[in-house]
Amino acid sequence: MMDLDVLVAPIIIFMAVVAPLWLILHYRSKKQVSQGLSEHEHRQLIELANKAEKMAERVETLEALLDQEAPQWRRKYE
């Protein structure tokens, strides 16, 4: 019976303090995720997409230049 008495206080503290805080923080984070992107995050996403498109164009240009200058380069790196 003594072993059970030792566990009662930590369980009560956990259920009264930790569990409610844990649930509140958990559902708050779920709510933020479900709301989608903020305006700032949306702008950043658009900027990154534009940069990715520019980078893809640059890669295509570099590949075209390499095809002209060193036609065997693709075999070397495949």
**Item:** Interatomic spacing from CG in L65 to CD in E60 - rounded to 0.5 Å
**Value:** 12.0 Å
Return a table of donor-acceptor pairs under 3.5 angstrom between the side chains of residues 14-31 and protein atoms on other chains or two or more places apart.
from: S29; atom 1: OG; to: H26; atom 2: O; distance (Å): 2.8

Would you list the atom pairs, donor with acceptor, under 3.5 Å between side chains in residues 41-53 and any protein atom, with sequence neighbours excluded?
from: E41; atom 1: OE1; to: S38; atom 2: N; distance (Å): 2.9
from: E41; atom 1: OE1; to: S38; atom 2: OG; distance (Å): 3.4
from: Q44; atom 1: NE2; to: H40; atom 2: NE2; distance (Å): 3.3
from: N50; atom 1: ND2; to: I46; atom 2: O; distance (Å): 3.4

**Message:** By the salt bridge (Lys or Arg N to Asp or Glu O under 4.0 Å) test, which pairs, at least two apart or in different chains, include something from residues 61-70?
**Reply:** E63-R74, D67-R74
